[in-house]
Asker: 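Take this structure, written in structure tokens, and hold onto it; I'll ask about it next.
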Amino acid sequence: MAAALTAHGGTERSAEPSAVTVTVTAVSKKDAASRAVKRDDVELYQGKERKQVADWRRGETLFLAVLIDDSLRNSIANQWNDLRAFLMAQPPTTYIAVAYARNGTAMVAQDSTKDHALAAKALRLPLGSGGRLH
């Protein structure tokens, strides 16, 4: 179950409340039946101060970004089949992006797409330690 949480709380600098949206994902333990999480089940804190949960609604769309360190050894690609299977198992409402981190920059290999096969196809061997520019 994924839900969007909107919280309202004032700030010291402004008399007007500010709104922040947070995605919350509740996962049940293995072999346990999941149950709906209600707004009253959630407590939100900023530091030690409790904030009011202004809105709680189920979200169907998820944006998943896979960021791979391009300096990893090529042997990490031994796990690509598992990663591809994970990407393909996502619900149709999930957008997936694939990028490679190199020199402090994310190089996008595949923009967000609902075509999970296209996202999985963007996986390639990392450049390894030679991928670092000094």
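Positions are given from 1, in the same order as the sequence printed here.
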Asker: Could you tell me whether the side chain of N103 and the main chain of T105 form a donor-acceptor pair under 3.5 Å?
Answerer: no
Asker: Can L123 be reached from L64 by stepping across I, L, V, M, F, W or Y side chains whose heavy atoms are under 4.5 Å apart?
Answerer: yes
Asker: For V98 and A119, which heavy atoms make the closest approach, and how far apart are they?
Answerer: CG2-O, 3.5 Å
Asker: Quick check: closest heavy atoms across Q110 and L118, and the distance to 0.1 Å?
Answerer: OE1-CG, 3.4 Å
Asker: Are D115 and K121 close enough for a salt bridge, meaning some N to O gap below 4.0 Å?
Answerer: no
Asker: Between atom OH of Y95 and atom CG of L62, what is the distance when rounded to the nearest 0.5 Å?
Answerer: 11.5 Å
Asker: Rounded to the nearest 0.5 Å, what's the gap from CZ on R73 to CG on L125? Could you check?
Answerer: 14.5 Å
Asker: Kindly indicate whether the side chain of L44, heavy atoms from C-beta on, has any atom under 4.5 Å from the side chain of R50.
Answerer: no
Asker: Please report the shortest heavy-atom distance between L67 and A101, naming the atom on each side.
Answerer: CD1-N, 3.7 Å
Asker: May I ask you to test the I96-H116 pair for a side-chain heavy-atom distance under 4.5 Å?
Answerer: yes
Asker: Donor-acceptor pair, distance only, cut-off 3.5 Å: does the side chain of W56 make one with the backbone of V37?
Answerer: yes
Asker: Hey, are the side chains of F86 and M88 touching, using non-hydrogen atoms and a 4.5 Å cut-off?
Answerer: no
Asker: Please round to the nearest 0.5 Å and tell me the distance separating atom CD1 of I76 and atom CG of L83.
Answerer: 9.5 Å
Asker: Side chains of V66 and Y100: does their closest heavy-atom pair fall under 4.5 Å?
Answerer: no
Asker: Is the shortest distance from a Lys or Arg side-chain nitrogen in D41 or R39 to a carboxylate oxygen in the other one below 4.0 Å?
Answerer: no
Asker: At what distance, to the nearest 0.5 angstrom, does CD1 of I68 lie from CZ of R124?
Answerer: 8.0 Å
Asker: Going through the checks in order, is the salt bridge (charged side-chain N to carboxylate O under 4.0 Å, His left out) test met by R57 and D55?
Answerer: CA-CA 7 Å; R57 58 191 147 84; D55 190 16; 3.0 Å; yes
Asker: Between D70 and M107, does a side chain to side chain contact (heavy atoms under 4.5 Å, CB included) hold up when you go through it step by step?
Answerer: CA-CA 9 Å; D70 226 355; M107 309 297 287; 5.8 Å; no
Asker: Which distance, rounded to the nearest 0.5 Å, do you find between the CG of L87 and the CD of Q90?
Answerer: 7.0 Å
